[in-house]
A.B. asks: 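Structure below; questions to follow.
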Amino acid sequence: MTIPGVADESSGSPMLSAARQVAPIVMGYLPVGAAYGVLAQQAGLSLLNTVLMSVLVYAGSAQLIAVGMFAAGLNPASIVATTFVVNLRHLLMSASLAPNLRSWNKCELALFAYEVTDESFAVHSMRFARGDLNKTICFGINALAQLSWILASFVGFFAGASIPSVEPLGIDYALPAMFIALLVMQMKNGLHVLVAGFSGLLAILLNKAGADQWSVILATIIGATFGAGVESWTRKQSL
Amino acid sequence: MDQKTVFVTIVAMLAVTYIPRMVPLVVLASRTLPGPVVRWLSYVPAAVLSSMLFPALLLRDGSLDVSFDNYFLWAAVPAFILAWRTRSFFGTVALGMALVAAGRWFIG
């Protein structure tokens, strides 16, 4: 199945294609990464630790939450526990990417897993769905995305509160808009639309109920179960 | 907190972040999964993306906001339509950002 406009993005040289596909991620990462750098500096982290967290942990929302907890002087064990809960959603993302990567060896998989973020997951699941499994593009997208994240944290640390506000340019909408495009491209049939609506509303309810750190993972598990349940039910009906 | 403690915390954060990212890929990629599991996993992308997106569009400071000045919500409507019609990733991001910026400039 070829989708016009999407197929174009994978033509040409692999690195060029990776650069094109990573552009929206970078646009979203630059302001968020810089915000992380500013907050890390204000929380009293050294430059080395600020950049190391972007190199070693590489998880946007968890890093922002962690520097807030460092600033509040909370104990390291609770920072680590919170990071675990906040990032547990990546378990589901990795699991859903796995069936596409049967031809990869364990080292490649372990390296690829290191850079599974919300954004890279979204881009790769769209690429895999259209059959684009090019390894150079996969690793190119991941490397460029993380590089932009690391650079942004570095700049944020130095610029501190003096970096200009990104709000007048609407750059803070880059990631939500990217999720809109990626979500639409996941809509293969009516049941996908139903699952998306169901999970999204459930996530809002869970947020409102105070389960904000668990909301994404719970809404995903219940939403996917709902979709699989409806699918097997309709199959039985049509037999 | 001294920088050494911060560093040790970061290493522990690395472990609890990397292990859930790595285990499913390394363990599941080489196996043939039963049909129901594959079907279940096929709904994960739609479910996880919307569980992150909906709260970003509809919640402000933890409460539901469907007021006119919630630009994140209203910019999403044309962005959804454009994404659906054109399948353009970049176009959707550009339109969304432009609408949010325009709202802030012209309406405030």
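Here is how names work: the chains are called A, B, and so on, in the same order as the sequence lines, proteins then strands, and each is numbered from 1.
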A.B. asks: Return yes if a side-chain donor-acceptor contact under 3.5 Å exists between B:Gln3 and A:Ser46, otherwise no.
C.D. replies: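 Yes, A:Ser46 and B:Gln3 have a side-chain donor paired with an acceptor closer than 3.5 Å.
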A.B. asks: Given the options A:Ser199, A:Ala81, A:Gly210, which has more heavy-atom pairs under 4.5 Å with chain B than any of the others?
C.D. replies: A:Ser199
A.B. asks: Between A:Leu201 and chain B, which part of the residue has a heavy atom less than 4.5 Å away: side chain, backbone, both or neither?
C.D. replies: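 For A:Leu201, the contact with chain B is made by backbone and side chain together.
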A.B. asks: Would you mind checking which part of A:Val123 comes under 4.5 Å of any heavy atom in chain B, side chain (CB onward), backbone (N, CA, C, O), both or neither?
C.D. replies: side chain
A.B. asks: Without hydrogens or angle criteria, can the side chains of B:Ser67 and B:Asn70 be said to hold a donor-acceptor pair below 3.5 Å?
C.D. replies: no
A.B. asks: What part of A:Ile221 gets within 4.5 angstrom of chain B, counting heavy atoms only: side chain, backbone, both, or neither?
C.D. replies: both
A.B. asks: Which one of A:Ala228, A:Ala181, A:Ala224 has the most heavy-atom pairs closer than 4.5 Å to chain B?
C.D. replies: A:Ala224
A.B. asks: Just give me the residue among A:Ile217, A:Asp118, A:Leu202 that pairs up with chain B most often, heavy atom to heavy atom, under 4.5 Å.
C.D. replies: A:Asp118
A.B. asks: Heavy atoms only, distances under 4.5 angstrom: which of A:Ser125, A:Gly223, A:Ala95 has the most pairs with chain B? Name it, please.
C.D. replies: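 Highest number of heavy-atom pairs under 4.5 Å: A:Ala95.
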A.B. asks: Of all of B:Ala83, B:Ser50, B:Pro36, B:Gly103, which one pairs up most often with chain A through heavy atoms under 4.5 Å apart?
C.D. replies: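 Greatest number of close heavy-atom pairs with chain A: B:Ser50.
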A.B. asks: Is A:Leu45 in contact with chain B via its backbone, its side chain, both, or neither, using a 4.5 Å heavy-atom distance?
C.D. replies: both
A.B. asks: Assign the ring pair A:Phe128 / A:Phe112 to parallel, tilted or perpendicular, where the plane angle (0 to 90°) is split at 30° and 60°.
C.D. replies: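 Answer is tilted, since the angle falls between 30° and 60°.
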A.B. asks: For residues A:Ala71 and A:Ala43, report the shortest heavy-atom separation together with the two atoms involved.
C.D. replies: CB-CB, 3.7 Å
A.B. asks: So which residue, B:Leu95, B:Val6, B:Leu49, ends up with the most heavy-atom pairs under 4.5 Å with chain A?
C.D. replies: B:Val6
A.B. asks: Might you point out which heavy atoms bring A:Ser78 and A:Thr82 nearest each other, and give the distance in Å?
C.D. replies: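 Shortest heavy-atom contact: O-OG1, 2.7 Å.
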A.B. asks: Identify which part of B:Ala75 has an atom lying under 4.5 Å from any heavy atom of chain A, answering side chain, backbone, both or neither.
C.D. replies: both
A.B. asks: Judged by modelled atom types alone, do B:Trp40 and A:Glu231 share a side-chain donor-acceptor pair under 3.5 Å?
C.D. replies: no
A.B. asks: If you measure only the distance, is there a donor-acceptor pair under 3.5 Å linking the side chains of A:Tyr36 and A:Ser61?
C.D. replies: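 Per modelled atom types, A:Tyr36 and A:Ser61 side chains form no pair under 3.5 Å.
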A.B. asks: Among B:Thr32, B:Val38, B:Val23, which residue forms the greatest number of heavy-atom pairs with chain A at distances under 4.5 Å?
C.D. replies: B:Thr32
A.B. asks: Using heavy-atom distances under 4.5 Å, tell me whether B:Trp84 contacts chain A through its side chain, its backbone, both, or neither.
C.D. replies: both
A.B. asks: Between A:Phe226 and chain B, with a heavy-atom cut-off of 4.5 Å, which part of the residue counts as in contact: side chain, backbone, both or neither?
C.D. replies: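 For A:Phe226, there is no contact with chain B at all, as no heavy atom is under 4.5 Å.
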A.B. asks: Name the region of B:Leu57, side chain, backbone, both or neither, that has any atom closer than 4.5 Å to a heavy atom of chain A.
C.D. replies: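 For B:Leu57, the contact with chain A is made by the side chain alone.
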A.B. asks: Over all heavy atoms of both residues, which pair between A:Val116 and A:Met93 is shortest? Give the atoms and the distance, please.
C.D. replies: CG1-CB, 4.3 Å
A.B. asks: Give a yes or no on whether A:Phe84 atom CZ has more than 12 heavy-atom contacts from other residues, nucleotides or ligands under 6.0 Å away.
C.D. replies: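 For A:Phe84, atom CZ is not crowded (no more than 12 foreign heavy atoms under 6.0 Å).
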A.B. asks: Determine the minimum heavy-atom distance between A:Ile65 and A:Val86, stating which atoms define it.
C.D. replies: CD1-CG2, 3.8 Å
A.B. asks: For A:Phe121 and A:His90, I'd like to know if the aromatic rings sit close, meaning centre-to-centre distance below 6.0 Å.
C.D. replies: no
A.B. asks: So for A:Leu194, is it side chain, backbone, both, or neither that comes closer than 4.5 Å to the heavy atoms of chain B?
C.D. replies: neither
A.B. asks: Which residue out of A:Tyr58, A:Phe179, A:Phe70 racks up the most heavy-atom pairs below 4.5 Å with chain B?
C.D. replies: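 Top option by heavy-atom pairs under 4.5 Å: A:Phe70.
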A.B. asks: What part of B:Leu33 gets closer than 4.5 Å to chain A, counting heavy atoms only: side chain, backbone, both or neither?
C.D. replies: side chain
A.B. asks: For B:Tyr18, is it the side chain, the backbone, both, or neither that has a heavy atom closer than 4.5 Å to a heavy atom of chain A?
C.D. replies: side chain
A.B. asks: Which atoms of A:Asp172 are under 4.5 Å from chain B, going by heavy atoms: the side chain, the backbone, both sets, or neither?
C.D. replies: both
A.B. asks: Between chain B and each of A:Ala219, A:Gly197, A:Ala110, count heavy-atom pairs under 4.5 Å; write down the option with the most.
C.D. replies: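 Sorted descending by pairs with chain B, the first entry is A:Ala110.
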A.B. asks: I'd like to verify something: which residue of B:Ala56, B:Ala29, B:Ser30, B:Ala15 has the highest number of heavy-atom pairs under 4.5 Å with chain A?
C.D. replies: B:Ala29
A.B. asks: Consider only side-chain N and O atoms of A:His124 and A:Asn100, and report whether a donor and an acceptor are under 3.5 Å apart.
C.D. replies: no
A.B. asks: Between A:Ala122 and A:Leu182, what is the shortest heavy-atom contact and its length?
C.D. replies: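 A:Ala122 and A:Leu182 have their closest heavy atoms at CB-CD1, 3.0 Å.
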A.B. asks: At their closest point, which heavy atom of A:Ile141 faces which heavy atom of A:Arg127, and how far apart are they?
C.D. replies: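 In terms of heavy atoms, the two residues are closest at CD1-CD, 3.7 Å.
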A.B. asks: Between B:Ala76, B:Ala102, B:Gly91, B:Ala98, which residue shows the highest count of heavy-atom pairs closer than 4.5 Å to chain A?
C.D. replies: B:Ala76
A.B. asks: Contact part of B:Leu28 toward chain A, heavy-atom cut-off under 4.5 Å: side chain, backbone, both or neither?
C.D. replies: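 Contact with chain A involves both backbone and side-chain atoms of B:Leu28.
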A.B. asks: How many angstroms lie between atom CG of A:Leu91 and atom CZ of B:Arg21, to the nearest 0.5 angstrom?
C.D. replies: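 Output value for this atom pair is 11.5 Å.
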A.B. asks: Given a strict heavy-atom distance threshold of 4.5 Å, which part of A:Arg102 is in contact with chain B: side chain, backbone, both, or neither?
C.D. replies: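 Contact with chain B involves both backbone and side-chain atoms of A:Arg102.
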